[in-house]
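In listed order, ligands and their atoms are each counted from 1.
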Amino acid sequence: MIEDRSDRVCVIGAGYVGNGLAYALKRAGLRYDQLEATGRIGGNWSHGVYDSTHLISSKKSTQYVEFPMPEDYPTFPSAAQMLAYLESYVDHFGLREHLELNTEVVRVWPADRNGTAGWYVELADGRTRHYKAVVAANGHYVERNLPSCPGEFSGLQLHSKDYKRPADLGTGDRVLVVGAGNSASDLAVEAAATFGSADLSMRRSYWFIPKTMVGGIPASDLDRVWLPLPLMRFATERLIRASVGDYRRYGLNRPDHRLFSKDVTATSSLFHALLHGKVRPRPEIRRLDGDLVHFTDGSS
Ligand SMILES: Cc1cc2nc3c(=O)[nH]c(=O)nc-3n(C[C@H](O)[C@H](O)[C@H](O)COP(=O)(O)OP(=O)(O)OC[C@H]3O[C@@H](n4cnc5c(N)ncnc54)[C@H](O)[C@@H]3O)c2cc1C
């Protein structure tokens, strides 16, 4: 039997975006249900980050405008602070009333050809509901994306979503981090600080942006969405150069693509670790062979 909820909106997810949406709907006087697969609110900040995670974007540029972060929070709050902040947002605006935890959505489809008659939402427990509208705020870091490399690796392999703390790397005497996004950079630095050194394999070049630029200003505070992209690009490239200089000083390749045409990596600690020889850059993996990893430059 289909439950009739066609007088309300279905919000999928209770992460940063889902909670903000729930409040926007509440403020507009619209009826809604908020469905969250796990037993907690907070999304990534409750189950997708490692213990040592700190915001990459600043407190000022990340907080909800209608609910600023506590004054005693630092410029780059920790994961624990982020989670506490998200919990207090939900409580402050009384959002738990329409929140259903442990309620996973497994399928959504339109009630008519173009969706104007509402949407059907199927839950993991087999129930189906009919809603006026559906907002998917299920996050984009839900699925693990593992690279495929030829050969077999016999050591411990871990996706960053499953990494919580250095003990997860076992004895960690030789750690290779694959990829150089935000999580990878943090993990390489943390592994190097814990075990003495770590390698970082990159199959492409990256734009690395220090978390703070000239004058100690957080890079995310310089983001001006109203600026035309070419101008934003021009200014940011110059600020990066003034803050860290040429990437080749760190053993990194110069980017082969335009700034902001792909995700950028925001990190200050990686530059420090590279200059101290704690993190060693490596090219793409060519082949895995037991506990050996062969790289495209012939090293292993
Ligand atoms: C290490 C790390 C550092 C980060 N640092 C920053 C930063 O500094 N600044 C920044 O802005 N962002 C950062 N992010 C990105 C982070 O994902 C966002 O801050 C934020 O969590 C995105 O919110 P969201 O609501 O879109 O998604 P999520 O936080 O992923 O929340 C989605 C929610 O939907 C739920 N869900 C998924 N599928 C279903 C389903 N089928 N049914 C019901 N519920 C479902 C999930 O359980 C989850 O609770 C970082 C991410 C990581 C991993």
Side-chain angles (χ1 to χ4, degrees), residues 10-24 32-65 69 73-83 85-87 89-90 95 98-109 119 121-125 127-129 131 134-145 158-165 177 179-190 209-212 218-221 223 225 263-270:
C10 172
V11 176
I12 304 174
Y16 211 109
V17 176
N19 296 330
L21 273 162
Y23 175 56
Y32 71 91
D33 291 337
Q34 188 179 6
L35 314 181
E36 166 56 46
T38 69
R40 286 196 76 166
I41 70 114
N44 247 321
W45 297 100
S46 79
H47 55 72
V49 295
Y50 30 95
D51 293 351
S52 62
T53 308
H54 278 256
L55 268 187
I56 297 155
S57 50
S58 72
K59 159 185 172 176
K60 182 175 150 200
S61 63
T62 310
Q63 64 197 2
Y64 294 104
V65 282
M69 289 190 195
Y73 270 28
T75 305
F76 298 106
S78 67
Q81 287 172 319
M82 282 300 291
L83 188 55
Y85 168 68
L86 293 175
E87 300 260 7
Y89 180 89
V90 166
L95 303 179
H98 301 292
L99 174 62
E100 297 173 51
L101 297 174
N102 300 307
T103 307
E104 187 189 355
V105 172
V106 291
R107 197 158 73 101
V108 175
W109 69 103
W119 295 74
V121 172
E122 186 182 331
L123 308 180
D125 63 9
R127 286 181 293 159
T128 300
R129 296 173 177 179
Y131 281 102
V134 173
V135 188
N138 58 323
H140 59 288
Y141 293 129
V142 173
E143 311 264 329
R144 289 157 186 76
N145 183 11
L158 200 63
H159 188 272
S160 60
K161 202 171 165 76
D162 302 311
Y163 171 83
K164 296 296 167 203
R165 53 198 69 89
V177 178
N182 295 308
S183 299
S185 303
D186 278 354
L187 262 62
V189 172
E190 183 154 286
I209 301 188
K211 277 173 90 162
T212 54
S220 59
D221 289 5
D223 195 358
V225 279
D263 270 353
V264 298
T265 300
T267 176
S268 292
S269 51
L270 181 64

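In this structure, the side chains of Lys211 and His54 come closer than 4.5 Å at one or more pairs of heavy atoms. Side-chain atoms of Leu101 and Glu36, non-hydrogen and from C-beta on, do get closer than 4.5 Å to each other. The closest side-chain heavy-atom distance from Leu35 to Arg129 is below 4.5 Å. Counting heavy atoms from C-beta outward, Lys161 and His47 have side chains that approach closer than 4.5 Å. The shortest distance between side-chain heavy atoms of Val11 and Asp33 does not fall below 4.5 Å. Residues Phe76 and Ser58 have side chains in contact (heavy-atom distance under 4.5 Å, counting atoms from C-beta outward). Considering only heavy atoms from C-beta on, Tyr16 comes within 4.5 Å of Tyr64 through its side chain. Residues Ser220 and Thr62 form no side-chain contact, since every pair of their non-hydrogen atoms from C-beta on lies 4.5 Å or further apart.
Numbered from 1 in the order shown, with element, the atoms of ligand 1 that lie under 4.0 Å from a heavy atom of Glu104 read 41 (N), 42 (N). Close approach of ligand 1 to Thr103 (heavy-atom distance below 4.0 Å) involves ligand atoms 43 (C). Less than 4.0 angstrom separates some heavy atom of Ile12 from each of these atoms of ligand 1: 40 (C), 42 (N), 43 (C), 44 (N). Contact atoms of ligand 1 toward Thr38: 47 (O) (distance under 4.0 Å to a heavy atom of the residue). Residue contact check: Ala137 has heavy atoms under 4.0 Å from atoms 32 (C), 33 (C), 34 (O) of ligand 1. Numbered from 1 in the order shown, with element, the atoms of ligand 1 that lie under 4.0 Å from a heavy atom of Trp45 read 4 (C), 5 (N), 6 (C), 13 (C), 18 (C), 19 (O), 20 (C), 21 (O).
In this view, Asn102 satisfies the side chain to side chain donor-acceptor pair (under 3.5 Å) rule with no residue, not counting sequence neighbours. With sequence neighbours excluded, no residue satisfies side chain to side chain donor-acceptor pair (under 3.5 Å) with Thr53.
Of all protein heavy atoms, the one closest to atom 38 (N) of ligand 1 is Asn138 CB, 3.4 Å. Residue, atom and distance of the protein heavy atom nearest to atom 27 (O) of ligand 1 are Gly139 CA, 3.2 Å. Of all protein heavy atoms, the one closest to atom 22 (C) of ligand 1 is Tyr16 CB, 4.3 Å. When hydrogens are left out, the protein atom nearest atom 34 (O) of ligand 1 is Gly13 CA, 3.3 Å; that is the closest non-hydrogen contact. Annotation: atom 11 (O) of ligand 1 to nearest protein heavy atom, Ser57 OG, 3.7 Å. For atom 15 (C) of ligand 1, the nearest non-hydrogen atom of the protein is Tyr141 CE1, 3.7 Å. Nearest non-hydrogen protein atom to atom 26 (O) of ligand 1 is Val17 CG2, 3.2 Å. Scanning the protein heavy atoms around atom 45 (C) of ligand 1, the nearest turns out to be Ala37 CB, 3.8 Å.
In Asp125, the CG atom is crowded: over 12 heavy atoms of neighbouring residues, nucleotides or ligands sit closer than 6.0 Å. Summarising the local packing, NZ of Lys164 is surrounded by more than 12 heavy atoms from other residues, nucleotides or ligands at distances under 6.0 Å.
Contact annotation: for Asn19 versus ligand 1, there are no heavy atoms closer than 4.0 Å. For Ser183, every heavy-atom contact with ligand 1 shorter than 4.0 Å involves the side chain, none the backbone. Contacts with ligand 1 closer than 4.0 Å are made by no heavy atom of Ser160, backbone or side chain. With a heavy-atom cut-off of 4.0 Å, His47 touches ligand 1 through its side chain alone. Only the side chain of Val49 comes within contact range of ligand 1, with a heavy atom under 4.0 Å; no backbone atom does.
Nearest-heavy-atom check against atom 33 (C) of ligand 1 across Glu36, His140, Lys161 picks out Glu36. Considering only non-hydrogen atoms, atom 40 (C) of ligand 1 lies nearest to Val105 out of Leu55, Leu35, Val105.
Note that atom 29 (O) of ligand 1 has protein non-hydrogen atoms nearby, at separations under 4.0 angstrom.
Applying the side-chain contact (heavy atoms from CB on, under 4.5 Å) test between Ser185 and each of Leu270, Val177, Ile56 identifies Leu270 as the sole match.
By the 4.0 Å heavy-atom criterion, Asn182 is excluded from the residues contacting ligand 1. Heavy atoms of Tyr50 come nearer than 4.0 angstrom to ligand 1 in at least one pair. Distances shorter than 4.0 angstrom do not occur between any heavy atom of Asp186 and any atom of ligand 1.
At least one N/O-N/O distance between Asn44 and ligand 1 falls below 3.5 Å. Any N or O atom pair closer than 3.5 Å counts here, and Ile56 shares at least one such pair with ligand 1.
Put simply, the side chain of Tyr73 gets close to the backbone of Gln81: a donor and an acceptor are under 3.5 Å apart.
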Could you walk me through whether Val106 and Leu123 pass side chain to side chain contact (heavy atoms under 4.5 Å, CB included), step by step? CA-CA 5 Å; Val106 291; Leu123 308 180; 5.9 Å; no
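There is no side-chain donor-acceptor pair under 3.5 Å between Tyr50 and Glu190.
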